[in-house]
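As structure tokens, the structure follows; a few thoughts come after it.
Residue numbers start at 1 and run along the sequence shown. These figures come from a predicted structure and were not determined experimentally. FYI, side chains are in, hydrogens and waters are out, and symmetry mates aren't considered; it's all heavy atoms of this structure.
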Amino acid sequence: AGVGFIALFGVAVLNGMVLIGTFRDLAAHGVSDVVERVRQGTAARLRPVLMTASVASLGFLPMALSNGAGAEVQRPLATVVIGGLITATALTLLVLPVMYVLYHGRERSGKAKALPATVLLVMGFFSVPTHAQMQRFSLDEALRTAQSNAPAVLAARAEAERMEALRGAASDMPKAEVLYMRGQYNAYVKEDNNITATQTIPFPTLIAARSSAAKAEAGVAQAQRLLTESDVAWQVRSAWHRLQYLHALEALLREQDSTWTELARTNALRAETGDVSPLERTTAQVRAGQSQDELRRHRNLLDAERVAFGSLLGLKQAADVHAAPLLSLADALPDTSAYQGPELRLLNERLQAAEQQHRVERNAFLPDLTVGYFNQTLIGTAMDAASTRLATRSDRFQGFQLGVSLPLWARPQSARSKAAAWQEEAAQHALSDGERRWRTELTAALQRIASDRATLVWYTEEALPNADRILTTSRTAF
């Protein structure tokens with residue numbers, strides 16, 4: 001990459017020197033107008049500059065696409081050169097002529113108005129790709145994108161899948177134990193051997209309680225996922241409507257700016273004829289400047305909201321919305337009497353999980369069961385009552401074991417059971433508090449909607465017509 005930058009600097013400087021040299025040759029041949037000099041020189045050197053960049057870029061293209069041996073060295077070099085040549089060529093053909101005009105602006109004879117037009121042309125050239133690359137979303141598209149890309153949603157889904165996978169671990173049991181014994185455990189014979197296998201099994205009701213607890217925990221994770229998706233959807237809706245509002249407000253601010261600018265111009269003309277005082281002219285100019293500053297600050301706010309909107313959608317760049325007219329509130333409110341929000345569902349799931357965990361701790365007092373099997377030799381042991389035949393190495397004896405495991409010290413388990421009972425009670429109180437807050441917030445939201453609807457009716461039927469009449473009268477008077 002470093003070598004690529006060195007090569008790139010050489011080509012960029014060479015193209016700039018060629019273009020500036022052409023400007024100087026035209027000046028020496030009598031072209032005194034700097035804008036005309038730039039126009040002729042740029043047209044004359046357009047093909048050589050483009051050919052230089054194109055040949056170098058095409059030459060490095062195989063290196064940029066290589067995947068064989070040495071590609072880790074060739075691809076960074078080619079990427080730097082190709083991308084840099086594209087940028088350097090645009091700067092050479094657009095920015096460098098503008099800078100030349102700025103530097104030699106005094107040589108222009110009466111062509112002062114050409115510079116702002118040239119600068120605006122270049123600024124427009126660079127601003128068009130930026131706005132063209134910015135993605136614009138409808139509300140449905142924004143919601144789908146957020147549900148697919150938002151990190152919070154992806155994390156909640158992964159956690160839900162993890163808890164669902166853990167349900168299979170609810171029936172976990174201790175590892176089976178296999179023992180091999182060899183030696184003099186029966187007589188003086190040293191070749192006796194014993195193989196014993198044992199397995200400890202939790203009490204069946206404890207296994208069932210653990211399975212129910214794992215299912216409840218998976219339900220909590222699913223409820224948390226739904227809550228996260230609902231929160232992200234609400235944030236996306238809020239951000240989308242806010243951008244719509246800011247776009248509509250920008251249109252009003254532009255109209256306001258045009259009105260104050262026109263008023264300032266009119267007052268300036270009337271002040272020259274003595275129709276208005278200098279104070280009124282100055283006041284109009286100040287108000288026009290304030291309007292321009294307000295519009296500028298609003299555009300900065302709009303850019304910040306675009307960045308936040310893109311981040312909310314899980315994108316790495318700013319995003320915007322498709323312009324649409326602002327819609328009024330629906331006349332009929334939805335029926336929320338039987339609706340349970342995701343917050344209440346999460347609290348319900350947590351209560352069920354606490355109840356199941358308390359059940360697990362209660363069943364932990366029950367004993368564990370142990371089953372076993374053994375197979376062994378008893379060399380030299382009599383095989384019958386008359387002792388006429390003794391056991392040999394090929395004679396094996398087998399049997400089974402049954403047992404229970406009882407806790408001798410129950411205080412720790414009693415403490416865990418008591419803590420689970422308190423956790424269940426806390427979850428019950430949290431659910432009651434959540435239901436109370438849900439009803440309170442729902443009532444407050446309905447009241448705000450009713451208040452906003454009344455304000456909208458007044459604004460539509462009275463404020464807007466009066467504002468239009470005031471604006472029409474003011475324009476006519478001035």
- Backbone N/O of Gln447 and side chain of Ser451: donor-acceptor pair under 3.5 Å: no
- Message: Taking the side chain as everything from C-beta on, heavy atoms only, tell me whether Phe374 gets closer than 4.5 Å to Phe400.
- Response: no
- Task: Indicate yes or no for a side-chain donor-acceptor contact from Asn466 to the backbone of Glu462 under 3.5 Å, with no hydrogens or angles considered.
- Result: yes
- Task: Please step through side chain to side chain donor-acceptor pair (under 3.5 Å) for the pair Thr381 and Asn186, ending with a clear verdict.
- Result: CA-CA 9 Å; Thr381 303; Asn186 181 57; 3.1 Å; yes
- Query: If only atom types and distance count, is the side chain of Thr92 paired as donor or acceptor with the main-chain N or O of Ala88 below 3.5 Å?
  - Reply: yes
- Which value, rounded to the nearest 0.5 Å, describes the distance between Leu243 atom CG and Leu302 atom CG? 6.5 Å
- Heavy-atom side-chain contact between Phe397 and Asn375 under 4.5 Å: no
- Query: Can you tell if the side chain of Leu139 reaches within under 4.5 Å of the side chain of Arg237, non-hydrogen atoms only?
  - Reply: yes
- Task: Working to the nearest 0.5 Å, report the span between OG of Ser230 and CD of Glu343.
- Result: 6.5 Å
- Message: Suppose we screen for salt bridge (charged side-chain N to carboxylate O under 4.0 Å, His left out). Which residues come up paired with Arg210, at least two apart in sequence or across chains?
- Response: none
- Any side-chain donor near an acceptor of the partner, Thr196 and Asn194, under 3.5 Å: yes
- Message: Please check: side-chain N/O of Ser291 versus main-chain N/O of Arg287, any donor-acceptor pairing under 3.5 Å?
- Response: no
- Message: I'd like to check Gln147 versus Val236 (side-chain heavy atoms, cut-off strictly below 4.5 Å). Are they in contact?
- Response: no
- Message: Please report the interatomic distance CZ(Arg350) to CD(Glu217), rounded to the nearest 0.5 Å.
- Response: 10.0 Å
- What distance do Gln356 atom CD and Ser211 atom OG have between them, rounded to the nearest 0.5 Å? 9.5 Å
- Item | His298 side chain vs Leu249 backbone, donor-acceptor pair below 3.5 Å | no
- Query: Step by step, would you call Asp293 with Arg296 a side-chain contact (heavy atoms from CB on, under 4.5 Å)?
  - Reply: CA-CA 5 Å; Asp293 179 69; Arg296 181 170 55 253; 2.9 Å; yes
- Message: If you define the side chain from C-beta out and look only at heavy atoms, does anything of Glu229 sit under 4.5 Å from Asp231?
- Response: no
- Lys/Arg-Asp/Glu bridge criterion (N-O < 4.0 Å) met for Arg162, Glu159: yes
- Item | N/O donor-acceptor pair under 3.5 Å between Thr377 side chain and Asn193 backbone | yes
- Please step through side chain to side chain donor-acceptor pair (under 3.5 Å) for the pair Tyr373 and Gln401, ending with a clear verdict. CA-CA 6 Å; Tyr373 168 82; Gln401 300 172 343; over 6 Å; no
- Message: Apply salt bridge (Lys or Arg N to Asp or Glu O under 4.0 Å) to residues Arg299 and Asp303 and explain how you reach the verdict.
- Response: CA-CA 6 Å; Arg299 287 172 175 170; Asp303 290 338; over 6 Å; no
- Task: Determine the sole option in Ile201, Thr200, Asp368 for which the side chain to side chain contact (heavy atoms under 4.5 Å, CB included) test with Met173 is passed.
- Result: Ile201
- Query: Got a sec, which pairs hit salt bridge (charged side-chain N to carboxylate O under 4.0 Å, His left out) with one end in residues 420-431, sequence neighbours left out?
  - Reply: none
- Message: When you measure from the side chain of Glu461 to the backbone of Trp458, do you find a donor-acceptor pair of N or O atoms at a distance under 3.5 Å?
- Response: no
- CG (Leu351) and CD (Gln428) are apart, to the nearest 0.5 Å, by 5.0 Å
- Task: Would you indicate whether the side-chain heavy atoms of Leu315 and Asn149 approach each other to under 4.5 Å?
- Result: yes
- Does a salt bridge link Glu305 with Arg242, judged by any charged N lying under 4.0 Å from a carboxylate O? yes
- Query: So, His358 and Arg362: side-chain donor and acceptor under 3.5 Å apart, yes or no?
  - Reply: yes
- Query: After noting the C-alpha distance and the side-chain angles of Leu301 and Leu246, does the key distance pass the side-chain contact (heavy atoms from CB on, under 4.5 Å) rule?
  - Reply: CA-CA 9 Å; Leu301 175 62; Leu246 291 177; 4.2 Å; yes
- Message: For the CD atom of Glu161 and the CZ atom of Arg157, what is their distance to the nearest 0.5 Å?
- Response: 10.0 Å
Residues 404-415, side-chain donor-acceptor partners within the protein, below 3.5 Å, at least two apart:
unit_1: Gln413; atom_1: OE1; unit_2: Arg416; atom_2: NE; d: 3.2
unit_1: Gln413; atom_1: OE1; unit_2: Arg416; atom_2: NH2; d: 2.9
unit_1: Gln413; atom_1: NE2; unit_2: Glu361; atom_2: O; d: 2.9
unit_1: Gln413; atom_1: NE2; unit_2: Glu361; atom_2: OE1; d: 2.8

- Task: Start with the C-alpha distance between Asp395 and Thr392, add both sets of side-chain angles, then the distance that settles side chain to side chain donor-acceptor pair (under 3.5 Å), and finish with yes or no.
- Result: CA-CA 5 Å; Asp395 297 316; Thr392 63; 3.2 Å; yes
- Item | Sub-4.5 Å side-chain heavy-atom contact between Leu295 and Arg254 | yes
- Between His247 and Asp320, does a side-chain contact (heavy atoms from CB on, under 4.5 Å) hold up when you go through it step by step? CA-CA 10 Å; His247 280 297; Asp320 206 346; 2.9 Å; yes
- Task: Determine, stepwise, if the pair Arg144 / Asp140 fulfils salt bridge (Lys or Arg N to Asp or Glu O under 4.0 Å).
- Result: CA-CA 6 Å; Arg144 288 195 299 268; Asp140 292 337; 5.1 Å; no
- Exam field: side chain Tyr245 to backbone Trp240, donor-acceptor pair closer than 3.5 Å: no
- Heavy-atom side-chain contact between Gln285 and Gln290 under 4.5 Å: no
- Message: Could you check whether any side-chain N or O of Asp257 sits under 3.5 Å from a backbone N or O of Leu253, counting only pairs where one atom can act as donor and the other as acceptor?
- Response: no
- Message: Checking Glu191 against Arg393 for the side-chain contact (heavy atoms from CB on, under 4.5 Å) test, could you report, in this order, the C-alpha distance in whole Å, the side-chain angles of both residues, the deciding distance, and whether it holds?
- Response: CA-CA 8 Å; Glu191 286 78 13; Arg393 292 180 177 86; 3.5 Å; yes
